[in-house]
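These numbers come from a predicted model, not from an experiment. Basis for what follows: all heavy atoms, side chains included, without hydrogens, waters or symmetry-related copies.
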Amino acid sequence: MYKKVNFKQLVLVVILGLYVISGYSQNNKRPNIIFILTDDQSYGMMGCTGNKIIQTPNLDKLAGESVLFTNAHVSSAICTPSRVSILLGQYERKHGVNFNSATTVSNEAWSESYPVLMRKAGYYTGYIGKNHSPIGKGGYESGLLEKSFDYWYASHGGVYFYPKEKREIFQDAIADTQVEILQEGVEQFLDPNARRLKGAISFLDSRPKDQPFLLNLNFNIPHGATTSSMRQKETDDAIYKTLYRDLEIPLPENYIARADIKTPKLPAEIHHADDRQTGYDYVDTPEGFRERYIRQLQCITGVDRLVGKLREKLKELKLDKNTIIIFTSDHGLFMGEFGLGGKSLCYEKTTHVPMFMYNPKQKKGFKSDALVQTIDVAPTLLSLAGAEIPNSMQGKDLSNFINGERPKVRDYLYTENLWSTTFGNPRCEAVQTKDWKYIRYYKNNNISAQKRVELAKEYKIPLRVMLYEVHPSQMAVYRSFVEGPINGEQPVYEELYHLKKDPNEVHNLVNESKHKAILEELRQAWKIEIKKARGKGKPKVYSYTNIKSKI
């Protein structure tokens, strides 16, 4: 005998079923997202950002269909703090992790990173390329980062131009060069029929078709460690051997060879230029600049080709109409302007980066000069995924731009450099509007790298030990760097630039009386912005030493 069906119960079951199906369908409509991060790519390193030499047709086309931010900046212009800031949506002064901080991101802090929250929200997540963020107890050796993604094809520290020579995870790739090896990882992540890579760590055989995905593609290009190792091997693609080598490469505006420097950009007691890392010595001569710049151009063109193939693959797999692409870089790089080489300063050359967001549903691309930052990436990704943005994030949600709107983001943009070490860079902070920038510097008491090298040679101590090892006791010095200015430490040097008239920051106007009002406005803004950047409470970090680390 069949039981009598209760009509009200039947209706309720049907309604609930329809609700679940509807909810599931809505979840499936959430966009796929690909976040692309390059390394050391200044703003003017693409055709669409004003470079008349470089060939970046795919990036230019994609940026033309996107919202292209012409006033995007990092929060800290050096790899590790910048990348941690992107992952957590926080300023370095809040998250407290740098090369010299003797800290790593704690499990508690990491639980509120965008990759963890996106995965928790139902996204299938992948990470390909370079990780330079120490996460968990023990930093790079903790294994926490690898376990935080559904698909992992990456290495800690540099990926290098020929990854197989340094990193075991990439040994099974067919290609030999970085961009092309990472492309193999992208193929496997997206396409269930792609060749399986033995080194890749995957928790499922293939990407689920019923889940939206988040792919993080992190290049180690055109970073100095990568471009310095390019060797024009027979197996290299022509892009990396001959492209741009038949051209006359002009020197950058305001370029000064080291031998010709008469007045340094910054006072010697602030910026110990002679202690600069030797990896940037190529800027010292025009010939050195041209060779390295050509290599950088070649690498970005390689990335451009990958982006073109990526879009073709998305179209082939019928993913193109629901996949958002966000592109930016972790910071810029001085190439001999004012005789400077490297990063870790608050000038436009190091903080101003390319950034665009592509939405296939957007009818027409446009440019925006809104003051945006790379710390805005995390809350934007969460917003696009329909996930809650944690209070710990300090960045702004930019998703309305992807929908074609042009809201105001912030009145003042704040950047900082807390990587003040034996290599001569000063601590500094900057506050800027669209038209003006104010920078302040602090006393530089760091021991000279040259003296350390001399001592290392005298006592036969490895240079890595003398120059790069970090002991937990250094946390005290770093914390004084963080808290000092908030607690009343005074600057020893200041700069004021009228960016609208002087975008290359040539003329310091800080002592001109007619600009006193704007100087005072920005000094007051600095007081507010640095406290906002610091946030409340102690940083959620673990003490860390790299003495036994392989990274």
Side-chain angles (χ1 to χ4, degrees), residues 40 76-81 92 96-104 132 134 138-141 156-158 160 166 223-225 228-229 257-259 261 264-285 288 292 333-334 336 339-345 350 417-428 441-482 484 489 492-493 541 543-551:
D40 279 17
S76 297
I78 187 170
C79 299
T80 287
E92 180 189 344
V97 178
N98 202 323
F99 291 111
N100 59 324
S101 64
T103 57
T104 73
H132 219 166
Y140 298 107
E141 284 82 11
H156 301 298
Y160 303 97
K166 300 279 189 177
H223 188 275
S228 67
S229 64
R258 185 168 189 163
I261 298 174
K265 176 66 171 169
L266 288 166
E269 64 270 19
I270 304 295
H271 184 215
H272 305 165
D274 290 339
D275 288 320
R276 182 186 65 200
Q277 289 168 295
T278 57
Y280 300 115
D281 285 351
Y282 62 84
V283 307
D284 291 346
T285 65
R292 188 56 65 89
L333 191 71
F334 270 107
L340 297 172
K343 43 229 176 186
S344 303
L345 291 165
T350 56
N417 177 57
L418 292 164
W419 193 70
S420 181
T421 68
T422 192
F423 296 113
N425 286 74
R427 286 180 291 143
C428 51
Y441 299 83
Y442 302 93
K443 196 171 183 179
N444 189 344
N445 289 324
N446 293 302
I447 298 171
S448 167
Q450 294 181 88
K451 297 296 183 183
R452 289 192 177 210
V453 170
E454 289 175 11
L455 193 65
K457 290 178 179 178
E458 183 179 352
Y459 288 92
K460 298 181 180 179
I461 301 171
L463 286 180
R464 183 190 184 279
V465 173
M466 188 60 79
L467 295 176
Y468 293 100
E469 283 194 351
V470 177
H471 189 274
S473 64
Q474 290 175 236
M475 190 193 300
V477 176
Y478 177 80
R479 294 307 310 165
S480 73
F481 288 175
V482 171
E489 182 180 6
V492 295
Y493 189 72
V541 296
S543 172
Y544 174 69
T545 175
N546 67 350
I547 291 175
K548 295 183 179 180
S549 174
K550 295 178 182 179
I551 304 301

_Please verify the inter-ring angle class for His132 with Tyr140; under 30° counts as parallel, over 60° as perpendicular, anything in between as tilted._
tilted

*Would you find more than 12 non-hydrogen atoms of other residues, nucleotides or ligands less than 6.0 Å from Ile447 atom CD1?*
no

_Applying side chain to side chain donor-acceptor pair (under 3.5 Å) to Asn98 and Glu92, what does each step give before you reach the verdict?_
CA-CA 8 Å; Asn98 202 323; Glu92 180 189 344; 2.9 Å; yes

*When rounded to the nearest 0.5 angstrom, what is the spacing between SG in Cys428 and CG in Leu266?*
8.0 Å

_Separation of His271 NE2 from Asn444 CG (nearest 0.5 Å)_ = 8.5 Å

_Heavy-atom pair with the smallest gap, counting every atom of Gly139 and Thr104_ = CA-CG2, 3.6 Å

*Can you see which heavy atom on Thr545 is nearest to which on Pro472, and at what distance?*
CB-CD, 3.7 Å

*Flag, side chain of Asn100 to backbone of Thr422, donor-acceptor distance under 3.5 Å*: no

*Roughly how far, to the nearest 0.5 Å, is the OH atom of Tyr493 from the CD1 atom of Ile270?*
8.5 Å

*Output the distance between atom CD1 (Ile78) and atom CG (Leu333), rounded to the nearest 0.5 Å.*
11.0 Å

*Taking all atoms of both residues into account, what is the closest heavy-atom pair of Cys79 and Lys343, and its distance?*
SG-NZ, 4.1 Å

*Would you call Asp281 and Arg292 a salt bridge, using N to O less than 4.0 angstrom?*
no

*Could you please spell out the steps behind the side-chain contact (heavy atoms from CB on, under 4.5 Å) verdict for His471 and Ile547?*
CA-CA 7 Å; His471 189 274; Ile547 291 175; 4.1 Å; yes

*Would you please indicate if the ring centroids of Phe99 and Tyr478 are separated by under 6.0 Å?*
no

*Go through the steps to decide whether Tyr544 and Ser549 satisfy the test side-chain contact (heavy atoms from CB on, under 4.5 Å), and finish with yes or no.*
CA-CA 10 Å; Tyr544 174 69; Ser549 174; 3.7 Å; yes

*asked:* I need the minimum non-hydrogen distance between Arg276 and Gly341, along with the two atoms involved.
replied: CD-O, 3.6 Å

*asked:* Working to the nearest 0.5 angstrom, can you tell me the gap between Asn425 CG and Trp419 CH2?
replied: 6.0 Å

*Atom pair OG/CE of Ser543 and Met475 - distance to nearest 0.5 Å*: 4.0 Å

*Between Leu340 and Val283, is a side-chain contact (heavy atoms from CB on, under 4.5 Å) present by the stated rule, with each step listed?*
CA-CA 8 Å; Leu340 297 172; Val283 307; over 6 Å; no

_Minimum-distance pair of heavy atoms, taken over all atoms of His272 and Ala268_ = CD2-O, 3.1 Å

*Would you confirm whether Asp275, through its side chain, and Ala449, through its main-chain N or O, come within 3.5 Å as a donor-acceptor pair?*
yes

*Ile551 versus Asn546: any side-chain heavy-atom pair under 4.5 Å?*
no

*asked:* Is any side-chain heavy atom of Leu418 closer than 4.5 Å to one of Ser76?
replied: no

*Among residues two or more places apart or on two chains, list those pairs meeting salt bridge (Lys or Arg N to Asp or Glu O under 4.0 Å) that have a residue in residues 448-457.*
none

